[in-house]
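Each remark here refers to the structure printed beneath this line.
Start at 1 with the first residue, then count along the sequence.
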Amino acid sequence: MKKNRPYNPFLIAGYYSPEYFCDREIETEKLISALENDRNISLMSPRRYGKTGLIQHVFYQLAEKDKNAVCIYFDIYSTQNLCDFVKIFAESVLGKVEKGVEKSFKKMVSLFRNLRPVLTYNSFSGQPELSVTIENETVTQSLQEVFAYLKQSDQRCYIGIDEFQQVAAYPEKGTEALLRSYIQFLPNVKFVFSGSRQHLMSEIFLSAKRPFYQSTQRMLLDTIDKDNYFQFANAHFQKNKFTITEECFDLLYSQFEGHTWYLQAVLNRLYGYRKNINKTEIVYYAIHELLEENAYLYQELLNAYSEVQVNLLRAIAKERFVAQINSGDFISKYRLKNASSVNRALNKMTDNELIYKSEKGYMVYDRFLGLWLIK
């Protein structure tokens with residue numbers, strides 16, 4: 001059945017088709033070339049730069065070139081241990097390699113001894129759905145069975161694992177070595193390991209002491225070129241017989257420094273107005289609208305932190321970027337207590353991903369939250 005076209009071309013979640021995907025031509029070519037030539041990829045960038053969309057775009061292209069290729073994507077950000085990982089991994093893989101869920105179920109029952117596949121039917125659609133149950137005592141054997149299932153299929157598979165740095169925090173020792181021991185012997189399966197915590201991803205793939213050392217081609221995802229993004233945005237406005245001026249787009253792009261998801265969120269709102277975006281006041285209004293909608297959530301979020309931590313977050317937001325977080329000028333300007341209290345607050349909020357360290361310095365990770373704090 002043909003998918004319905006999106007009402008709004010500026011998607012803020014999911015992937016539809018190349019028509020609604022902006023640029024990334026060079027990155028797409030590099031990823032496809034690597035995967036087709038049997039090189040795994042480690043893909044890194046801050047969150048909401050478009051890693052997920054890029055992976056899905058690449059998988060779309062690969063599936064178009066090879067109708068028999070199997071493309072699988074899953075996110076492990078919510079996982080806390082190896083058992084969580086194996087469950088998501090298994091449920092993402094099962095039913096994709098074999099054509100038809102019922103057929104997959106029959107094969108799994110005969111192949112698996114530790115994984116227990118469960119076949120149910122959706123109460124609304126009536127479609128079959130696969131899930132698995134895993135016992136903690138047999139988690140490593142269950143993982144081995146999933147990899148064996150992939151290997152015996154002999155089909156060309158491409159697997160994207162998002163937020164892969166999460167495996168480094170699992171309580172089970174040797175998780176990275178265990179995964180590497182299976183992955184290196186899967187000639188028919190190629191992986192994209194994606195992550196948003198660059199220092200953790202770099203340790204996993206660049207440290208000589210770690211199992212994944214130099215096992216991938218490394219890629220850093222940057223912002224989309226401003227001119228290319230403007231052409232993409234204006235083309236979609238014009239299809240609906242509206243326009244967005246270059247001045248308005250420049251304001252938007254500079255406000256968020258090309259950070260993809262935030263641009264998409266505001267463009268989605270501007271497109272929804274169904275009129276020419278020819279005054280910068282309209283862009284400011286759209287941003288204000290988004291901030292107001294999130295105000296309650298932001299206030300509730302900050303209630304969980306101390307006054308020192310919130311003051312530091314607000315100070316960074318007002319500066320946009322802070323290169324020297326412990327400088328006397330910065331501490332005195334915003335009446336922060338002292339360097340040691342700043343460091344304690346910084347560590348807490350960096351761990352919780354409210355503050356991010358970029359090339360320019362420390363910044364508030366959520367761009368909308370940063371603007372809201374300034375207001």
Heavy-atom distance under 4.5 Å between the side chains of [X] and [Y], does that happen here?
X    : Y    : value
I277 : F242 : no
F232 : I224 : no
Q238 : T243 : yes
L143 : F85  : yes
F256 : R48  : no
Q264 : Y229 : yes
E319 : F330 : yes
I287 : V266 : yes

Between [Y] and [X], do the side chains contain a donor N or O and an acceptor N or O under 3.5 Å apart?
X    : Y    : answer
Q61  : H57  : yes
Y362 : T350 : no
S340 : N338 : yes
T52  : D162 : yes

Counting N and O atoms only, with roles assigned by atom type, does the side chain of [X] sit under 3.5 Å from a partner on the main chain of [Y], one being a donor and the other an acceptor?
X    : Y    : value
W261 : G50  : no
Q155 : N68  : yes
T138 : Q141 : no
D66  : L62  : no
E91  : I88  : no

Of all heavy-atom pairs between [X] and [Y], which one has the smallest distance, and what is that distance?
X    : Y    : answer
Y262 : Y365 : OH-O, 3.8 Å
N228 : C22  : O-SG, 4.2 Å
Y284 : Q255 : CE2-OE1, 4.2 Å
T260 : Y49  : OG1-O, 2.9 Å
G195 : Q165 : CA-OE1, 3.1 Å
L82  : L178 : CD2-CD2, 3.9 Å

| said: Assess the residue pair D38 and R156 against the criterion (salt bridge (charged side-chain N to carboxylate O under 4.0 Å, His left out)); give the C-alpha distance rounded to whole Å, side-chain angles, the decisive distance to 0.1 Å, and a yes or no. | reply: CA-CA 11 Å; D38 296 327; R156 186 69 172 181; 2.9 Å; yes
| On the ring face of Y77, is R47 found with NZ or CZ under 6.0 Å from the centre and within 45° of the axis? |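 Geometry flag: set, cation within 6.0 Å and 45°.
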| message | Quick check: F164 with F191 (ring centres under 6.0 Å apart)? | response | no
| Mind checking whether F59 and Y15 have ring centres under 6.0 Å apart? |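 No; Y15 has its ring centre 6.0 Å or more from that of F59.
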Please report the interatomic distance [atom1]([X]) to [atom2]([Y]), rounded to the nearest 0.5 Å.
X    : Y    : atom1 : atom2 : result
L371 : D366 : CG    : CG    : 9.0 Å
I316 : Y334 : CD1   : OH    : 10.0 Å
F230 : F249 : CZ    : CZ    : 8.0 Å
E145 : T140 : CD    : OG1   : 10.0 Å
N311 : Y305 : CG    : OH    : 15.0 Å
S92  : I76  : OG    : CD1   : 10.5 Å

| request: Before accepting this row, confirm whether a basic side-chain N of the pair E64/K67 lies closer than 4.0 Å to the acidic partner's carboxylate O. | output: yes
| Are the charged groups of K190 and E36 less than 4.0 angstrom apart, N to O? | no
| request: List the steps and the verdict of side chain to side chain contact (heavy atoms under 4.5 Å, CB included) for E293 and R269. | output: CA-CA 12 Å; E293 290 170 9; R269 195 59 58 101; 2.8 Å; yes
| task | Check the pair R367 / E257 against side chain to side chain contact (heavy atoms under 4.5 Å, CB included), numbers first and verdict last. | result | CA-CA 10 Å; R367 301 277 182 151; E257 297 186 297; 3.2 Å; yes
| task | Kindly indicate, with the supporting measurements, whether the criterion side chain to side chain contact (heavy atoms under 4.5 Å, CB included) is fulfilled by Y170 and D84. | result | CA-CA 10 Å; Y170 292 168; D84 291 346; 5.7 Å; no
| Considering residues, nucleotides and ligands other than K239, do more than 12 of their heavy atoms fall under 6.0 Å from its NZ? | yes
| message | If you count heavy atoms of other groups shown closer than 6.0 angstrom to NZ of K87, is the number above 12? | response | yes
| message | Among S196, S78, S194, which residue satisfies the side chain to side chain donor-acceptor pair (under 3.5 Å) criterion with E163? | response |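 Considering S196, S78, S194, a side chain to side chain donor-acceptor pair (under 3.5 Å) with E163 is found only for S196.
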| said: As a test of understanding, state which of F237, F21, Y20 forms a ring pair (Phe, Tyr, Trp, His ring centres under 6.0 Å) with F10. | reply: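 The passing option is F237.
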